[in-house]
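Read through the structure below, which is laid out as C-alpha cells, and then see the notes.
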Amino acid sequence: MNEYNPHEIEPRIQLQWEEAGLNAVDEHSDKPKKYVLEMLPYPSGDIHMGHVSNYTYGDVVARYSRMRGFNVLHPMGWDAFGLPAENAAIKHHSHPARWTYDNIDTQRDSFKRMGFSYDWDRTISACDPEYYHWGQWIFLKFWERGLVERKNNPVNWCPGCETVLANEQVIQGRCWRCDSEVERRDLTQWYFKITEYAQELLDDLDQLDGWPERVKQQQANWIGRSEGANVDFELVGTDGQPTGEMITVFTTRADTLFGCSFFVLAPEYAGLADLVKGTEYEGPVMDLVEASKKVSSVQRAQGDHEKHGQFTGRYVINPANGEQVPIWVADYVVADYGTGAVMAVPCGDQRDFEFARKYSLPIIPIILPEDDPQYQQLKDMQDRQVTSVEWPEAFAAEGVLVQSGPYTGLRGGKGSEGEAAIVAALEEAGKGKRTVEFRLRDWLISRQRYWGNPIPAIHCSQCGVVPVPEEDLPVRLPEDIDLAAGETLATHEGFVRCTCPVCGGAAKRETDTMDTFTCSSWYYMRYTDPHNDDAPFDPKKANYWMPVDQYIGGIEHAILHLLYSRFFTKVLRDMGLLGFGEPFTNLLCQGMVLDAHGEVMSKSKGNVVSPEEMIKTYGADAVRAAMLFMGPPDKEKLWNEDGLAGMSKFLNRVWRIVHDLVGRAGDETLYDPEADDANAHKLAMQMKRERHRVVGKVTEDIERNNFNTALAAIMELVNATATFLRVRPAEHRMNCQTGGPLCQDVADAIVKLMAPIAPHFADELWQTALGHAGQSVHTQPWPEYDPALAAADEVELAVQVNGKVKSRITVAADSAEADILAAAREAVSNALEGKAVIKEVVVPKRLVNLVVK
RNA sequence: GCCCGGGUGGCGGAACGGCAGACGCAGCGGACUCAAAAUCCGCCGUUCGCAAGAACGUGUGGGUUCAAAUCCCACCCCGGGCACCA
C-alpha cells in the first residue's frame with residue numbers, strides 16, 4: 001500500500017477529469033435534469049474561504065446528483081464589471097480589462113485546484129461583448145415594454161464611487177461597496193420599473209418553499225406592502241375660504257380621521273413653496289426646508305429623531321367632519337413615500353403624538369382600549385368634547401372608536417370595521433379611494449462609470465432619447481481610454497459622437513453604464529446556451545434547464561441580487577421567452593466564514609486565511625472536507641486549522657482502512673470455510689447493518705444539505721469498520737463467501753460516499769485500491785441501501801421510571817409489548833419495590849417508561 | 001419599535017416530543033519506540049463518592065406531557081433585516 005499523497009494525486013486526477021470531459025453536459029439526455037448553481041464570483045483576485053465554502057457546497061450537490069443519475073448542469077462564470085477593476089487600472093495606469101482577465105485566470109486556476117466540477121465550456125464573463133451584447137438587448141426589450149424610464153429624482157450619490165446607487169445598495173446611509181456616506185442629489189437617471197412587479201414579487205414568495213424563511217421575510221419587508229386609502233383634504237385659501245384644491249394623504253388608519261388635529265407636509269413637498277409664498281411664514285418654513293436638507297443620510301438612518309416643524313399659516317379641511325386643521329411642515333414626514341403629506345392623529349400615532357406634545361397641538365382621544373378607565377367616560381360622546389387625556393404615549397393598537405360621530409362604538413385599527421366604514425363613506429363622497437402603497441422604489445440602474453455595460457441609447461436634439469437599433473448592438477466599450485488621466489466615457493469623443501438612428505442627424509451617445517446587478521440578473525439563463533450569437537438564449541434550452549434546482553450563495557444577497565433576478569425572470573416570462581416565473585427553486589444561503597475568534601476576516605485585521613496555503617499544506621480534499629464538517633452550511637463558521645489537520649488525519653485513516661479491507665477481501669487464507677462460527681456471523685451482520693444504515697443516513701443528510709452530519713456518519717462507518725477489522729481476524733474465522741464480498745462492499749460504499757466530498761481522494765482509491773483503473777468513481781452510481789438490512793434484529797431499550805433512565809434492556813426487535821414490559825419490570829425491580837405501577841409507556845425501539853406511585 | 005434567526009461540555013457542533021452531548025478538535029492515560037513523530041487502544045458535562053452509584057445539567061422563570069434542548073407563555077442576552085413608511 002502506498003501513502004496517501006494529495007499533492008501527487010490531485011493534479012493528476014484533475015487532468016484525467018479534464019481529458020475525459022467528465023462535466024460536460026447537453027440537453028439530449030434520458031436522465032432527469034438538475035441545475036446546480038452557485039452565485040458567480042466577482043473576480044477580485046485570490047480566492048478566500050467564503051469562496052471555498054460556497055463552491056464546495058455546490059460541488060458536493062453537483063457530484064452527488066450525478067451519481068444519483070441526474071443530468072447535471074454545473075457552470076461557473078464571472079461578474080466581471082465593477083469598480084475595483086477601474087480603481088486598479090487607475091492605480092497601475094492600465095486597463096480594467098487586463099486586471100479583470102488576470103484575476104479571472106487566477107481564480108479559475110484556484111477553482112480547478114479545489115477540484116470543482118464545472119463545465120468550463122459554458123463559462124461566461126460579464127465583460128465579454130458576447131455576453132453584455134445580450135444585456136443591452138434585454139434593456140431594449142424592457143424599454144419596448146415600458147419598463148425603462150428616465151426621470152429626475154432625488155437619488156443616492158456615492159462620493160467615493162462617484163456614481164449614483166440604487167436604494168438596495170445603500171446600507172444604513174452608506175455605500176454598500178465603499179462605505180462612504182451617501183448624499184442626496186437631484187439627477188436625471190435611468191430606472192427599471194420594478195415597482196410594476198411589486199405585488200407579484202411579494203405574492204410569489206409563497207411559492208418558494210425551498211427558500212429560507214428569513215430571506216423571504218427580508219424581501220417582503222423590503223417590498224413593504226401597506227393597505228390603506230388616499231384621502232383628499234381640501235385646501236383653505238389665505239382668505240379663509242375653501243379653494244377647491246385638494247391635498248391627498250395616504251393613510252392605513254382612516255378609522256382615526258376624527259382624531260386628526262393637524263396636517264403635515266414633507267420639507268420636499270412639491271407645492272410647499274407656493275403655499276407660503278409672500279406670507280409671514282415663508283421665511284421660517286424655508287429655513288426649515290434648508291435645515292432638513294443638511295441632515296445626512298447616515299443621521300437619518302440612525303434613529304435619534306428629534307422632530308422639527310413649522311406652521312405654514314395655512315389650513316385644510318378634514319373630509320370626515322369639515323373641521324379646519326393647520327398645515328405644518330415637518331422633517332419626520334418623508335417625500336418619497338405615499339404622497340409626502342400625512343394627516344396627523346396624535347392619539348393613535350407615536351410620531352404625531354411626540355410632535356403634538358413638542359408644539360402644543362391638540363391631542364383628541366378617539367380610540368381607546370375597552371378596558372381603559374377613560375373609556376366609560378368617553379364612549380357615549382357623539383360630539384367631540386374632550387381634546388386631551390392623560391396618556392404617556394399614543395395608542396396604536398386595536399380599540400374602540402369614540403368621539404367619532406357616526407362611527408363611535410365601531411372597532412378601530414388597521415383593517416378594522418371602523419376603517420372599512422370610513423373609507424367606504426369617503427369613497428361614496430368622492431373624497432377618498434382605497435389603495436395600496438409599496439415601500440419598494442424603482443431600480444435606479446444607470447452608473448457614471450466606465451467599466452460597465454453601456455446603456456444602448458442615443459440623445460438626439462431633434463428626436464430626443466432614442467434606443468440604439470438592435471442590429472447595432474453591442475455598443476462596445478472603447479478600449480483606448482486612459483482612466484488614470486481622468487478620461488471617462490463622457491469625455492471620449494469617439495464614443496460619444498454618433499448619428500441618430502431615427503433622423504440620421506448628429507447625435508450623442510448615452511455615456512452611463514448599467515448597474516452590475518443587471519449583469520447578474522440573468523446570467524443563469526445564459527449558461528443554458530452560452531454561445532448563442534443570435535439571442536441571449538434559446539428558450540427551449542432555458543426551459544429545459546431552468547429553473548435552477550439548487551442555488552447557493554451568501555445571505556448578503558437576500559434582497560439585492562435575488563430580488564432583481566426574480567424581477568428579470570418575470571419580465572422575460574412576460575416576453576414569452578420563459579415558461580416559469582421564479583428562477584431559483586431551492587436556495588441555500590451560506591453563513592460567513594469567520595476566524596477562530598468569530599471575527600470577519602479582512603486584510604486590515606491581518607487574519608485572512610489563504611485557501612491556497614491550506615491546499616499546499618493539506619491538499620484540496622482535506623480543505624473541502626474540513627469546510628463541510630465545520631457546521632451547518634447556513635450558519636457562521638469559525639475557521640480553525642486544527643480541524644483541517646484532523647480532517648487530513650481522517651483521510652489518511654480512510655486510505656489505510658480501504659486498503660486493509662481490499663487486502664482482506666482477497667486473502668483466502670483468512671476465511672476458512674470450516675472454521676466459520678456464530679460469532680463471526682454476528683460480527684459480519686453488524687458490519688453489514690452499519691454499512692446500510694450509514695449509506696441511508698448520508699443520503700438523507702446530503703439531500704437536506706446537512707453535509708456536516710453526513711461526514712460524521714461516514715466517520716461512524718469507518719470507525720465500525722476499524723473495529724470489525726481489528727476484532728475479527730484475531731478471534732474468528734469467517735467464510736470467504738461472506739467475508740470477502742462484505743469487505744469489498746464496505747470498501748466500495750466508503751469510497752463512493754466520500755466521492756462528492758473528497759473527489760480526488762475517492763477517485764484515486766476507486767481506480768487503484770479497488771482496481772477500476774481508468775474508470776472514474778464520479779461516473780458510478782451512488783451506493784444502494786436496503787432499509788431492511790439496516791434494521792437490527794436486537795435493540796437496546798432504555799427503561800425509565802417516572803421519566804428517569806434507571807436501566808437498559810436488550811430485546812429482539814420484534815418482541816411483543818408484554819415481553820418487553822416484563823423484561824423492563826425485571827430490570828428495574830429495585831426501583832419498583834413497594835410501589836404501584838400506574839402507567840406503562842412503550843416507545844418501540846427506543847424506551848419503556850414505567851410511571852409509579 | 002417591528003420582522004426573522006440563535007443561546008447545548010474547554011471548543012466546533014449532534015439529537016422525527018422518547019437514553020442530551022453523535023462526530024470531531026483540544027486534553028488525559030496506555031500500547032508501539034532507545035526516544036520522538038506517526039499509528040493503534042482507552043477515558044473525557046458538573047458536583048459528591050475508593051467504588052457501586054447518586055444529585056444536578058441544554059440562557060432565565062413558569063406551564064403542557066408518562067416524557068421537553070425540542071411544544072406553549074413571559075422575560076434576558078447575541079446576530080441579522082427593516083424603520084420618523086403615515
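First the proteins, then the strands, lettered A, B, ... as listed; each starts at 1.
- Proximity of A/Lys414 to the phosphate of B/A86: a side-chain N or O atom is located under 4.0 Å from OP1 or OP2.
- Contact check, A/Asn719 against B/G24: a side-chain N or O comes under 4.0 Å of OP1 or OP2.
- Counting any heavy atom pair closer than 4.0 Å across all strands shown, A/Gln800 reaches a base atom.
- Not one side-chain nitrogen or oxygen of A/Asn802 sits closer than 4.0 Å to the OP1 or OP2 atom of B/A67.
- At the phosphate of B/C16, neither OP1 nor OP2 sits under 4.0 Å from any side-chain N or O atom of A/Lys845.
- For A/Arg653 and B/U39, the shortest distance from a side-chain N or O to OP1 or OP2 is not below 4.0 Å.
- Phosphate contact (OP1/OP2 of B/A86, side-chain N/O of A/Tyr332, threshold under 4.0 Å): absent.
- Within a 6.0 Å sphere centred on NZ of A/Lys216, heavy atoms belonging to other residues, nucleotides or ligands number more than 12.
- Between the side chain of A/Asn849 and the base of B/C66, a donor-acceptor pair under 3.5 Å is found.
- Judged by distance alone, the side chain of A/Ser404 and the main-chain N or O of A/Leu401 form no donor-acceptor pair under 3.5 Å.
- Both A/Phe629 and A/Gly803 lie close to RNA chain B; mapped to their nearest nucleotides by heavy-atom distance, the more 5′-ward contact belongs to A/Phe629.
- Residue A/Ser226 places at least one side-chain N or O under 4.0 Å from the OP1 or OP2 atom of B/A86.
- For A/Arg846, no side-chain nitrogen or oxygen approaches OP1 or OP2 of B/G17 to under 4.0 Å.
- Residue A/Leu847 places its side chain closer to B/G18 than to any other of B/C23, B/G6, B/G18.
- For the residue pair A/Tyr618/A/Glu641, the side-chain donor-acceptor check at 3.5 Å is satisfied.
- Residue A/Arg439 places at least one side-chain N or O under 4.0 Å from the OP1 or OP2 atom of B/A83.
- A/Glu354 comes within 4.0 angstrom of no nucleic acid atom, judged by non-hydrogen atoms across all strands.
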(message) Both atom distances under 3.5 Å, Watson-Crick or G-U wobble: I'd like the secondary structure of RNA chain B as a dot-bracket string, with | for pairs made across strands.
(response) (((((((..(((.....[....))).(((((.......))))).((((....))))..(((((..]....))))))))))))....
